[in-house]
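One structure below.
Chain naming here is simple, since letters A, B, ... match the order of the sequence lines and numbering starts at 1 in each. Computed over heavy atoms, backbone and side chain alike; hydrogens, waters and symmetry mates excluded.
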Amino acid sequence: MKHLSVGAFAALAIALAANAQFGGVFNKAKEKIDQATQKTKPVTDRAEKAADTFQPWSAQDEQDIGQAGAAKMVAIFGLVDDAGLNRYVNLVGNTVGQFASRQLPWRFGILDTSIVGAYALPGGYIFITRGALAGMTNEAQLAGALGHEITHCAERHLEREIRGKKTSAWAVQEANNAGKSANIASLKGDAFVKDLFSTSLSRDKEDAADEQGTQMAAKAGYSPAGLVQVLTSMRDASQKPENKQMFGQLLSTHPPFDSRIAHLQPIIARLGSSGETLEARFSAAVMPQ
Amino acid sequence: MIRRVGLFLAICGAALAQDSGQKKPDPGKQQPNSQATPPPKSSEPAPLFGGKLGTRSSQKTKESATLGFNGIDPSGKVDAQMLATSVGANDEAKVRNMANSAPTPAQLDSFIADGGLKKK
């Protein structure tokens, strides 16, 4: 015990002496470590933010990003300002939306552009273009097209695609560029819309959207042939060189019409030929005299 | 003097005739051309997708005034300048208003019943 006490005292004395002699060196080393930590912190922050973007978005994130993205779409194209037509498209969309795999507050808008397309944003925001509506002739076709977009939205297809391709660095980059004070939901909404126009969803996601969209429309009582009729009309119209501008965006992000039609044919055959098409109601709402 | 007056009247008459011939339709006014003049007979059906919706609103936004392709490049893609469009308070308000077009449960039920459709 005595030996231990003497040893401990000696060790303490040596340590104190060493601290007195090398204390400055330790402090300098600590300072350098602290400085290095500060330098690497932004990198760590970026990594954390990147990791954050790989998490599935919460319901609130979906709403915020969807709302910001929708505002961007409206800023780009404008909305068709026709209360009756908007109400009609919302009624058809909500009729089909009842059968979605995930319930969201569905909100449908008509983009004021001649290009043919429809777009699903997070949180239940769905747009169809004036050009796409002008190519339809009955309500079952509209139901099928909206069913396709509802599926993209309910199944978080674009969000999954972005995460899968690790392109979510967009959000971090945008946030870094804009500074910390910027509204992150708005930046993510902006980035989402850019991805919307440039990202092709995988073939299986497009097939799933066609398939589930058709099935949802059929469950709602519409003719299951609606979506395939729209695709067939689009295929025929898109083959005309003068329509290149109209279909270019859609064709750049979707599989060829022929393969989508071929995928849907056996599904429609299984679902049968019954169901409503409602031409008169569609014409009255979309093309009133 | 009479000759001069006659010549003046003749010039005015000719100018009026030319003006009425070149008069352009008012773009803000709906032209009842479908009733006044029958559409030209053609063996081809009316072109899909290029048609005009019968929107009842008089308010024109963006492209609808021209039915053109604003911000769309020749290949059909949305151009970078268009994608960079800033969002304004008005755009945000329109998005918030989209919720107003959502039907009430009673309206949806009525729509479904009217079309012979199915409720979940």
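Here the side chain of Arg107(A) pairs no donor or acceptor atom with the backbone of Arg96(B) at under 3.5 angstrom. Side chain of Ser101(B) to main chain of Arg87(A): no donor-acceptor pair is present (N/O by atom type, distance under 3.5 Å, no hydrogens or angles). Distance alone, capped at 3.5 Å, is enough to place a donor-acceptor pair between the Asp79(B) side chain and the Met82(B) backbone.
Salt-bridge annotation for Arg281(A) and Glu276(A): absent, with no side-chain N of the basic residue lying under 4.0 Å from a carboxylate O of the acidic one.
There is no contact between Val89(A) and chain B, counting heavy-atom distances below 4.5 Å. Within the 4.5 angstrom heavy-atom criterion, atoms from both the backbone and the side chain of Asp114(B) approach chain A. Both the backbone and the side chain of Tyr222(A) come within contact range of chain B, each with at least one heavy atom under 4.5 Å from a heavy atom of that chain. Using a 4.5 Å cut-off between heavy atoms, Phe282(A) does not touch chain B at all. In this structure, the portions of Gln67(A) lying under 4.5 Å from any heavy atom of chain B include both its backbone and its side chain. Contact of Glu242(A) with chain B is not made at all, since no heavy-atom distance falls under 4.5 Å. Using a 4.5 Å cut-off between heavy atoms, Ala80(B) makes no contact with chain A at all. Proximity to chain B is limited to the side chain of Leu278(A), based on heavy atoms less than 4.5 angstrom apart. Both the backbone and the side chain of Leu108(B) come within contact range of chain A, each with at least one heavy atom under 4.5 Å from a heavy atom of that chain.
Thr137(A) and Gln141(A) share a donor-acceptor pair across their side chains, judged by distance under 3.5 Å alone. Side-chain atoms of Gln98(A) and Asn94(A) form no donor-acceptor pair, as typed in the model, at a separation below 3.5 Å. Glu139(A) and Thr277(A) form no side-chain donor-acceptor contact under 3.5 Å, judged by distance and modelled atom types alone.
Heavy-atom pairs under 4.5 Å with chain B peak, among Phe108(A), Phe197(A), Phe99(A), Trp106(A), at Phe99(A). Chain B forms the most heavy-atom pairs under 4.5 Å with one residue out of Ala220(A), Ala70(A), Gly221(A), and that residue is Ala220(A). Of the listed residues (Asp236(A), Val92(A), Leu251(A)), the one with the most heavy-atom contacts under 4.5 Å to chain B is Val92(A). Interface check for chain B: of the options Gly275(A), Ala68(A), Gly248(A), Ser252(A), the most heavy-atom pairs under 4.5 Å are formed by Gly248(A). Between chain A and the residues Gln107(B), Lys119(B), Glu92(B), the most heavy-atom pairs under 4.5 angstrom are made by Lys119(B).
Ring geometry for His254(A) against His148(A) counts as tilted: the plane angle lies between 30° and 60°, on a 0 to 90° scale.
Heavy-atom contacts from other residues, nucleotides or ligands closer than 6.0 Å to NZ of Lys120(B) number more than 12.
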